[in-house]
Amino acid sequence: MPPRTALRRLLPSRLHPVGRRSPPQPVPAVADEGPLPDPYALLVHDPIDLLSSLWRRAFAHPLPAPVPNLSGYASRLDLWLLSYQRSCAHATGSFPPRHAVSLPILNSLLRLRASALRRHPAFIWGASTHLLLRSPADPPSTVPVSRRKLEARLANAPPPFQDRVVQELLLLLLEPVFEPRFSPKSHAFRPSRGPHTAIRSIRSHFAAYLWFISADLTTVVDALSSDTILSCVQKAVSDRKVLSLLKSALNAPVRPGSVPLREKELDGLAKKRLKRKVLRKSRKKKVLNENEPKPDPYWLRLFFGFAPEQACHVPNYGHCGILSPLLANVCLNELDWWMEERIHDYFCPSRHDSIWKEVGDEGCHNPAWPEFVPSSGKEKTRKMDYLRFGSHVLIGIRGPREDAVEIRRQLMEFCESTLGLRPENSMVEIEHITRGIEFLDHVITRRVIYPTLRYTASGGNIVSEKGIGTLLSVTASLQRCIRHFRKLELVKGDRDPEPLPCSPMLYSGQAHTNSQMNKFLETMADWYKYADNRKKIVGFCAYVVRSSLAKLYAARYRLKSRAKVYKIASRDLSRPLRESTRNDAPEYSDLLRMGLVDFIEGVQFARMSSIPSCDYTPFPRNWVPHHELVLREYIKLQDPKFFCELHKTIKRKEINSPQDDVSRMVWYYKVYGVYDAKRSLMKLNEWKNNDEAANKENQILLDT
């Protein structure tokens, strides 16, 4: 029997090309549409230039009208090739050069482009049998399998590689369209924005608020319907081909086996079994395949374990994949601009308040220093601010609690009417500043301080009085830090945590182990960069790491206790530890000089003085990321009206050009030895006066 016939018999009837039970599935190829064009003739543009033009176009004309034409960009083979390169970098860990992509892959990209942009028949998402493009890390399988095994493999198969390529292309096209339309109040799943910008915004702009509304809209965001998402997308995009492709990705059925289970969906027994399986798998020595990406280093896995709950959750809609966070931001952008209107309407300045006079005014204070905020009342200014990180919302209110209750009710009604689901009452809480509000593993609270106020009274008397004020405090949550360490099995206990040995680094050398943990500590110090208790929290992390390594070294080198390890290797564990104490063994300095051993760097932050302090750099209210600032400046320079107005201003105010100032400065430096004309004239007058004074003295001496 021929092998092809045997393989056909093993295929299930729904996948059989000539099955009798069901009609054959149409192969989404373009073989019947004629020969493929030459792909090298279509690769004529730089994809970075194409995307840059799209970003400039989106930021130069951020009109409320939707963008009519994106198919022109979607039909560019250069962008499809860039999407393939990005997908390969995710699958294999290496970004393939453009010239290294072979001709068969380019032909496959042409077929995939034609299938994705064709509306009838639509592109098949999640296809496991009729693939137009395969992953470079997917080895070809020629071994016949039974029908039951094949059905099990197809049921549990991950999303195909070609879906990732199409998702990358849609992300490249839709992100520049929506970025200028997004509110500056959102800080998640956006370029150059993240938890640090959210924490800095809280420190600078939330100092005066007494009541806080903390809302978790995760259930609302996860339950968004495809009609709601498409209606929000259609406000900015009107291209039919892109909308049809996005609609098919949202409505196509998803196999249950291709979606990974989240940790909350597992019961206790399943968690234990999964933990044992992962532990058993980690102990085995694994040999990587040729195209298999290397796993993340240990220090990076440790840091990922410290991700806050607000940042761990990533939405997922149908077959959208990496496009899902952008779609969630598109839908929640309606909430952002609705809150902007509420902020403007709620603002009510008081004639007795000299801090805030306008809605967008951040006050006449320096947010990097302690802020004194008067208590709430009828004669005080009422003000509100808003911030969103993903599906988590934080609203600060300076006013009575009744206003916070009303804002909470309006927020829940807006979610029900616009997003289609009302959040639970327990997910939208009202907290007072004195109780502390936890957000992104940081606690927002205030401390009452009594400073000495000195001022000059009538009659010139200096009066010193004790005042009262509140200081906004944004501190890192120590309990959350202990909980993360306990989850990573580096400590045990809650109130009085005891460090555990760092068992994953048991078979690594001392130099490599110290280097890995130093990278982890540096990353943790940067993560807690804007926390008031940065020294304390980083010092605790350093204590856990040093104690864990000391226990590990005590077990590896048979020293029985941490005290002996510290005695030999010093406090920062920088001195070498040996397994034996033979007299004929060479010294560590000699081995290091010969290059036979690696340099052992000590564990950082062994002393509190070496830990950096909190960064109190002010965060302006009108802050924009650097790439947006550069983009807007470039657009302004390309406008001829800007140069005409600048030229008129120079002529009207008689302002010299920079070239004239530089040439004049060089001339004065060569002639007078100074850089400025005023300084040169002052220097000449000084020399002249000195000469006149010296001549008078000489004349007096001659007369006498």
- request: Count the heavy atoms belonging to other residues, nucleotides or ligands that lie under 6.0 Å from CD of Glu424, then report whether that count exceeds 12.
  value: no
task: State whether the number of non-hydrogen atoms from other residues, nucleotides or ligands found under 6.0 Å of Arg134 atom CZ is greater than 12.
output: no
query: According to the interplanar angle, ranging from 0 to 90°, do the rings of Trp125 and Phe123 count as parallel (below 30°), tilted (30 to 60°) or perpendicular (above 60°)?
result: perpendicular
field: Whether Trp527 and His196 hold their rings parallel, tilted or perpendicular, with breakpoints at 30° and 60°
entry: parallel
- request: Answer yes or no: is there a donor N or O on one side and an acceptor on the other, between the side chain of Thr197 and the main chain of Gly194, under 3.5 Å?
  value: yes
query: If you measure only the distance, is there a donor-acceptor pair under 3.5 Å linking the side chains of Asn333 and Arg388?
result: no
- prompt: Can you check whether Ala511's main-chain N or O pairs, donor with acceptor, with Ser515's side chain at less than 3.5 Å?
  reply: no
- prompt: Can any side-chain N or O of Ser108 pair as donor or acceptor with the backbone N or O of Pro104 at less than 3.5 Å?
  reply: yes
message: Test your reading of the model: is there a side-chain donor-acceptor pair from Gln167 to the backbone of Leu323, 3.5 Å cut-off?
response: no
query: Between Glu309 and Arg480, is there a side-chain N and carboxylate O pair less than 4.0 Å apart?
result: yes
- request: Keeping to residues at least two apart or across chains, list the salt bridge (charged side-chain N to carboxylate O under 4.0 Å, His left out) pairs with something in residues 233-248.
  value: Lys235-Glu334
task: Taking atom types as modelled, find out whether Arg56 and Ser52 have a side-chain donor-acceptor pair closer than 3.5 angstrom.
output: no
query: Can you name the nearest heavy-atom pair linking Ser548 to Pro501, along with the distance?
result: OG-C, 3.4 Å
task: Over all heavy atoms of both residues, which pair between Arg113 and Leu77 is shortest? Give the atoms and the distance, please.
output: NH1-N, 4.1 Å
Pro253 backbone acceptor or donor facing Asn251 side chain under 3.5 Å: no
message: Assess the residue pair Phe520 and Phe306 against the criterion (ring-ring contact (aromatic ring centres under 6.0 Å, His included)); give the C-alpha distance rounded to whole Å, side-chain angles, the decisive distance to 0.1 Å, and a yes or no.
response: CA-CA 11 Å; Phe520 168 71; Phe306 275 80; 5.8 Å; yes
query: With distance as the sole criterion, is a donor-acceptor pair present between the side chains of Thr228 and Ser225 under 3.5 Å?
result: yes
field: Residue Tyr507 excluded, over 12 heavy atoms near OH under 6.0 Å
entry: no
field: Pairwise side-chain contact, Glu601 with Asn518, heavy-atom cut-off 4.5 Å (strictly under)
entry: yes
query: Which pair of non-hydrogen atoms, one from Pro39 and one from Leu103, has the smallest distance, and what is that distance?
result: CG-CD1, 3.5 Å
- prompt: Would you say the side chains of Thr218 and Ser391 form a donor-acceptor pair under 3.5 Å?
  reply: yes
statement: So the salt bridge (charged side-chain N to carboxylate O under 4.0 Å, His left out) pairs with at least one residue in residues 508-524 (sequence neighbours excluded) are none
message: Listing request: all salt bridge (charged side-chain N to carboxylate O under 4.0 Å, His left out) pairs with a residue in residues 501-512, at least two apart in sequence or in separate chains.
response: none
